[in-house]
Enquirer: 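Here's a structure for you.
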There are 2 protein chains.
Amino acid sequence: METVERLIRSTQELLWERGYVGTSPKAIQVAADAGQGSMYHHFSGKAELAKTAIERSAAELRATAEEQFATDGTATERITQYLQRDREVLKGCRMGRLTSDPDVMTDPVLRAPVDQTFRWIRTRLAEIIAEGKQNGEYAESLDAQETAATIAAVLQGGYVLARAANSDEPFELAIQGLVKLLAGVTR
Amino acid sequence: METVERLIRSTQELLWERGYVGTSPKAIQVAADAGQGSMYHHFSGKAELAKTAIERSAAELRATAEEQFATDGTATERITQYLQRDREVLKGCRMGRLTSDPDVMTDPVLRAPVDQTFRWIRTRLAEIIAEGKQNGEYAESLDAQETAATIAAVLQGGYVLARAANSDEPFELAIQGLVKLLAGVTR
DNA sequence: GTCTATATGGCGATAGAC
DNA sequence: GTCTATCGCCATATAGAC
């Protein structure tokens, strides 16, 4: 693999594990097996490399989610599939965790892909719920935007609870609880 | 206010804003208006000060939550009150955000109060839901543990979505969506 | 493109004077 | 208890040779 690619992927991994503030150029170089000069030849510095890595992760995350969303099946089936797909729960969400990083949230360039990712997920979930209302799966009174936000929040919050407990269990409980609550509004 | 107290409170504030990795002893000293020697006289170092600050924040958080939980009223009323109480949404949860900090999660001493806080919240919510089942407010089939985890997750995830969007809106949407879903299981 | 040398400044802590 | 001095190390680059 080329040096640039190794640098980007190593940065993605380190941002996931340690955040932006907790990741040093040196650590990236070691992980990527690239020299100092090499890194600064390809990128202007830590910030530009992080921008590239975050944007890459955002695109990957959307692609993975769309795999679940784009299947055929009822709205409930698609949402449930998304909720229950295999996840590395204890690592947390690589986008969600960045919202705790002060330097990411402060820099509009670094925050933008994080922002966009969650807007996209909420929009996509709201579309699916709206479809479910159209075909009579859900009551007309169900608010698509609100419910979409709730679903996205349970996932993000599930990660938080799991990491706090150092166990997948609270995540699984939260998802299961949500699935059952959703069943309550399904006709 | 005494120096020790200023040190602890400044650390609480900085941990909330910038996390453990993003907070330096120097920054704490400046915020607390305390000298280098002063800080190291009262605490062995950054880690011990952080431990004290996190434990303090955990206790405060529990006390604040219990204010909502301990009122009289139906289970739904108490839960809704907790969900809809005034919050500094864009600052996020000071316990929840620490789950993204690599050095906090790695150190058992620093992680313990975070762990305990969320276990307590989930337990407390589950108790209230169980009471609601007893007095016929909720269906017998409602799982208290799962639903408690879902509620806690929506709050934590709501913070994440709000910070990503740099707006309270997604938080409010997620809470509102949850309240309505809960109404679906209320008799 | 990649390497090594060098630089400035901050981190996290220790030592000892006052 | 608080202050200043000092320390070794790392963060984040820049410069210029190869």
Side-chain angles (χ1 to χ4, degrees), chain A residues 1-56 97-98 100-111, chain B residues 1-56 97-98 100-111:
Chain A
M1 203 189 304
E2 294 101 36
T3 304
V4 185
E5 189 61 21
R6 289 203 313 278
L7 282 166
I8 296 172
R9 296 197 190 177
S10 297
T11 304
Q12 285 183 275
E13 207 54 42
L14 282 165
L15 286 178
W16 195 350
E17 286 167 14
R18 303 197 40 87
Y20 182 79
V21 162
T23 298
S24 71
K26 182 67 189 166
I28 294 170
Q29 292 152 26
V30 170
D33 193 29
Q36 187 99 331
S38 199
M39 181 191 129
Y40 283 100
H41 172 74
H42 294 292
F43 298 92
S44 65
K46 176 178 164 176
E48 206 212 345
L49 184 39
K51 170 186 178 331
T52 306
I54 293 173
E55 285 171 350
R56 173 83 67 94
R97 287 187 57 189
L98 290 177
S100 286
D101 196 300
D103 289 6
V104 169
M105 297 315 280
T106 293
D107 183 342
V109 171
L110 297 182
R111 194 173 61 78
Chain B
M1 202 189 308
E2 296 103 34
T3 303
V4 184
E5 189 61 22
R6 290 202 314 278
L7 282 167
I8 296 171
R9 296 197 191 178
S10 297
T11 303
Q12 285 183 275
E13 207 53 44
L14 281 164
L15 285 178
W16 195 350
E17 284 168 13
R18 304 197 40 88
Y20 182 79
V21 162
T23 297
S24 70
K26 181 68 188 166
I28 294 170
Q29 292 152 26
V30 170
D33 194 27
Q36 186 99 332
S38 199
M39 183 190 126
Y40 284 100
H41 172 74
H42 294 292
F43 298 93
S44 65
K46 176 178 165 177
E48 205 211 348
L49 184 40
K51 170 186 179 333
T52 306
I54 293 174
E55 284 170 352
R56 172 83 69 92
R97 286 188 58 188
L98 290 177
S100 286
D101 196 300
D103 290 5
V104 170
M105 298 313 281
T106 292
D107 183 342
V109 171
L110 296 182
R111 195 172 63 77

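The sequence lines fix the lettering, A, B, ..., with proteins before strands; numbering per chain opens at 1.
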Enquirer: Output the rounded distance in Å from CD (Glu48(B)) to C1' (dG12(C)).
Expert: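 The distance from CD of Glu48(B) to C1' of dG12(C) comes to 15 Å, rounded to the nearest Å.
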
Enquirer: Is there side-chain contact between Asp103(A) and Arg18(B), with at least one heavy-atom pair below 4.5 Å?
Expert: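 The answer is yes; the side chains approach within 4.5 Å.
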
Enquirer: Identify the two heavy atoms, one from Pro102(A) and one from Thr106(A), that lie closest to each other, and give their separation to 0.1 Å.
Expert: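 What the structure gives for the nearest pair is O-OG1, 2.8 Å.
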
Enquirer: Please state how far atom NE2 in His41(A) lies from atom P in dT2(C), giving the value in whole angstrom units.
Expert: 7 Å

Enquirer: Does Thr3(B) place a side-chain N or O at less than 4.0 Å from the phosphate oxygens OP1/OP2 of dT2(D)?
Expert: yes

Enquirer: Which pairs count as salt bridge (charged side-chain N to carboxylate O under 4.0 Å, His left out) when at least one residue sits in residues 36-55 of chain A, sequence neighbours excluded?
Expert: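 Qualifying pairs, neighbours excluded: Lys51(A)-Glu55(A).
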
Enquirer: Rounded to the nearest angstrom, tell me the gap between atom NZ in Lys26(B) and atom P in dC7(D).
Expert: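 Lys26(B) atom NZ is separated from dC7(D) atom P by 18 Å.
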
Enquirer: Please report the distance, rounded to the nearest Å, between CE in Met39(B) and C1' in dA15(C).
Expert: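 The distance from CE of Met39(B) to C1' of dA15(C) comes to 16 Å, rounded to the nearest Å.
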
Enquirer: Checking Arg97(B) side chain against Leu15(B) main chain: does a donor-acceptor pair fall under 3.5 Å?
Expert: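 Answer holds: no.
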
Enquirer: Which heavy atom in Tyr40(B) sits nearest to a heavy atom in Gln29(B), and how many Å separate them?
Expert: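 In terms of heavy atoms, the two residues are closest at CE1-NE2, 4.3 Å.
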
Enquirer: Taking all non-hydrogen atoms of both residues, which atom of Thr3(A) and which atom of Ala34(A) are closest, and how far apart?
Expert: CG2-CB, 3.9 Å

Enquirer: Do other residues, nucleotides or ligands put more than 12 heavy atoms under 6.0 Å from the CD atom of Glu2(A)?
Expert: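 No, because the 6.0 Å sphere around CD of Glu2(A) holds 12 heavy atoms or fewer from other groups.
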
Enquirer: In whole angstrom, what separates Lys46(B)'s NZ from dG12(C)'s P?
Expert: 4 Å

Enquirer: Does any part of the side chain of Ile54(B), heavy atoms only, come nearer than 4.5 Å to the side chain of Leu98(B), both counted from C-beta?
Expert: yes

Enquirer: Got a list of side-chain donor-acceptor pairs under 3.5 Å for residues 19-28 of chain A, not counting sequence neighbours?
Expert:
{"unit_1": "Thr23(A)", "atom_1": "OG1", "unit_2": "Leu14(A)", "atom_2": "O", "d": "3.4"}
{"unit_1": "Thr23(A)", "atom_1": "OG1", "unit_2": "Gly19(A)", "atom_2": "O", "d": "2.6"}
{"unit_1": "Ser24(A)", "atom_1": "OG", "unit_2": "Ala27(A)", "atom_2": "N", "d": "3.1"}

Enquirer: For DNA chain D, what are the stems built from at least three Watson-Crick or G-U pairs in a row, each pair having both distances below 3.5 Å?
Expert: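 The stems are C:1-18 with D:1-18.
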
Enquirer: In this structure, how many angstroms lie between the C1' atom of dG1(D) and the CD atom of Gln29(B), rounded?
Expert: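 Going from Gln29(B) (CD) to dG1(D) (C1'), I get 14 Å.
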
Enquirer: If you round to the nearest 0.5 Å, how far is CZ of Arg6(B) from OG1 of Thr11(B)?
Expert: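 These two atoms lie 12.0 Å from each other.
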
Enquirer: To the nearest Å, how far apart are Phe43(B) CZ and dG1(D) P?
Expert: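 Taking CZ of Phe43(B) and P of dG1(D), I get 13 Å after rounding.
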
Enquirer: Using a strict heavy-atom distance below 4.0 Å, which residues from residues 9-24 of chain A are in contact with DNA chain C?
Expert: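 Residues of residues 9-24 of chain A that come under 4.0 Å of DNA chain C do not exist, since none gets that close.
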
Enquirer: Using nucleotides 3-6 of chain D, report all nitrogen or oxygen pairs with the protein that are shorter than 3.5 Å.
Expert:
{"unit_1": "dC3(D)", "atom_1": "OP2", "unit_2": "Gly35(B)", "atom_2": "N", "d": "3.2"}

Enquirer: In chain order, what residues pass the side chain to side chain contact (heavy atoms under 4.5 Å, CB included) check against Gln12(B), with sequence neighbours excluded?
Expert: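 Expected list: Ile8(B), Arg9(B), Ala53(B), Arg56(B), Ser57(B), Glu60(B), Arg94(B).
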
Enquirer: To the nearest Å, how far apart are Arg6(B) CZ and dG1(D) C1'?
Expert: 12 Å

